[in-house]
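Notes for the one structure printed next.
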Amino acid sequence: MINIVFLGPPGAGKGTQSNKIEHEFNIVQISTGDILRNAVKTGSELGKLAKKYMDEGKLVPDDVIIGIVKARLQQDDCKNGFILDGFPRTIAQAEALDDMLKNDLNIELTHIIALEVPDELILERLTGRRSCSKCGAAYHLKYNPPKVDNICDICGSNLVQRDDDKEETINKRLKVYHEQTEQLKTYYSNSGKYYEIDGTKHPDEVYEKIKSILTK
Ligand code: ADP
Ligand code: AMP
């Protein structure tokens, strides 16, 4: 069983790589960002609460996110393995994850993969990002354009730009990453399951590296 945590700044390629792994290894991708964006779309109480933080590039409070992940990991489709994309993002979240894996689920993480991309590349990646409004597939206007302008290759739906992918919010999100999330690399570095990967290479090359780690 493969249970992965993806670390890396916003725009590192976590979603792009998770999608590839999900299909080839038949395990589920759990993106806390996607869960929150769906909640915003449906106008639920969670969505109303989360939107305030997301629009400002801030983290949603730990107790809210931990509750979401705890419930999600208990669903049946996680039994074959999972990829956590965008969680944990704080030490408190990482500790809560350790606790739920050990005490509620009796399973362990198998790989913690940190995608390394310097800040200078992030702005261009995120301002050019487009995502499918239906299936969530990620594109880039320059680096990974859809075959037909603005249409998802996979499901044919329209592509949209995320509200938080504007320059001002991207800079705030990067700051939050360096202040609160980057330290998780140290948290996991002695686990014996921690891998750093150069995320600046072509997505296919990045994927080959990840695959070699997962199949080793
Ligand atoms: P994250 O999930 O880490 O926020 P994404 O996977 O959404 O990042 O990628 C951010 C943007 O960068 C997307 O537009 C994506 O198409 C593009 N991208 C992802 N990986 C690469 C790469 N290796 N090289 C160039 N662009 C990439
Ligand atoms: P992402 O799609 O991972 O880039 O996340 C988008 C936004 O959702 C972030 O900027 C946060 O506001 C919120 N978010 C996603 N995951 C978390 C998390 N683990 N902890 C706190 N906030 C989160």
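Remember, it's a predicted structure, so these values are computed and weren't measured experimentally. Order of listing sets the numbers, starting from 1, for every ligand and every atom in it.
By the 3.5 Å distance cut-off applied to N or O atoms, Gly86 is counted among the residues near ligand 2. Remark: ligand 1 and Leu126 share no N or O pair separated by less than 3.5 Å (distance only, no angle test). Considering backbone and side-chain N/O atoms, Asp85 never comes within less than 3.5 Å of an N/O atom of ligand 1. The distance criterion of under 3.5 Å between nitrogen or oxygen atoms is not met by Ser31 with respect to ligand 2. Every N/O-N/O distance between Tyr143 and ligand 1 stays at or above 3.5 Å. Considering backbone and side-chain N/O of Pro88, none are found under 3.5 Å from N/O of ligand 2. Polar contact with ligand 1: present for Gly11 (N/O pair, distance under 3.5 Å). For ligand 2, none of its N or O atoms has an N or O atom of Asp164 under 3.5 Å away. In terms of N/O distances under 3.5 Å, ligand 1 is not approached by Gly128. In terms of polar-atom proximity, Arg162 is counted as a contact of ligand 2, with an N or O under 3.5 Å from an N or O of the ligand. Looking at Arg130 next to ligand 1, no N or O pair under 3.5 Å apart turns up. Between Ala12 and ligand 1, at least one pair of N/O atoms sits closer than 3.5 Å.
Listed by number with element, the atoms of ligand 1 under 4.0 angstrom from any heavy atom of Tyr139 are 13 (C), 14 (O), 16 (O). Shown in contact with Thr32 at under 4.0 Å from a heavy atom are these atoms of ligand 2, numbered in order with element: 15 (C), 16 (N), 17 (C), 19 (N). Taking every heavy atom of Gln93 and a limit of under 4.0 angstrom, the matching atoms of ligand 2 come to 18 (C), 19 (N), 20 (N), 21 (C). Close approach of ligand 2 to Leu36 (heavy-atom distance below 4.0 Å) involves ligand atoms 8 (O), 13 (C), 14 (N), 15 (C). Counting the atoms of ligand 1 from 1 in the order shown, those under 4.0 Å from a heavy atom of Gly15 are 1 (P), 2 (O), 6 (O). Atom numbering of ligand 2 starts at 1 in the shown order; those under 4.0 Å from a heavy atom of Arg173 are 4 (O). Contact atoms of ligand 1 toward Gly199: 23 (N) (distance under 4.0 Å to a heavy atom of the residue). Listed by number with element, the atoms of ligand 2 under 4.0 angstrom from any heavy atom of Lys58 are 11 (C), 12 (O).
Of the protein's non-hydrogen atoms, the one nearest atom 9 (C) of ligand 2 is Arg89 NH2, 3.9 Å. With hydrogens left out, the protein atom closest to atom 8 (O) of ligand 2 is Met54 CE, 3.5 Å, a heavy atom. Atom 8 (O) of ligand 1 has Gly13 N, 3.2 Å as its closest protein atom, hydrogens excluded (heavy atom only). The protein heavy-atom contact nearest to atom 22 (N) of ligand 2 is Val60 N, 3.0 Å. Of all protein heavy atoms, the one lying nearest to atom 22 (C) of ligand 1 is Arg125 NH2, 3.2 Å. In terms of protein heavy-atom proximity, atom 6 (O) of ligand 1 is nearest to Thr16 OG1, 2.5 Å.
Lys193 and Glu108 are joined by a salt bridge, as a carboxylate oxygen and a charged side-chain nitrogen come within less than 4.0 angstrom of each other.
Other residues, nucleotides and ligands contribute only 12 or fewer heavy atoms inside 6.0 Å of the CG atom of Asp149. Around the NZ atom of Lys172, the shell of radius 6.0 Å holds more than 12 heavy atoms that belong to other residues, nucleotides or ligands. For NZ of Lys70, the number of neighbouring non-hydrogen atoms (other residues, nucleotides, ligands) closer than 6.0 Å is 12 at most. Counted within 6.0 Å of CD on Glu208, heavy atoms from surrounding residues, nucleotides or ligands total more than 12; the atom is thus considered enclosed.
Under 4.0 Å from ligand 2, the heavy atoms of Ile65 that appear belong solely to its side chain. Contacts between Lys201 and ligand 1 below 4.0 angstrom, taking non-hydrogen atoms only, involve the backbone exclusively.
Close to ligand 2: Arg37, with a non-hydrogen atom less than 4.0 angstrom away.
Here the side chain of His202 pairs a donor or acceptor atom with the backbone of Asp204 at under 3.5 angstrom.
Atom CG of Leu109 is separated from atom CG of Leu84 by 7.0 Å, given to the nearest 0.5 angstrom. Rounding to the nearest 0.5 Å gives a distance of 10.0 Å between CG of Leu101 and CG of Asn106.
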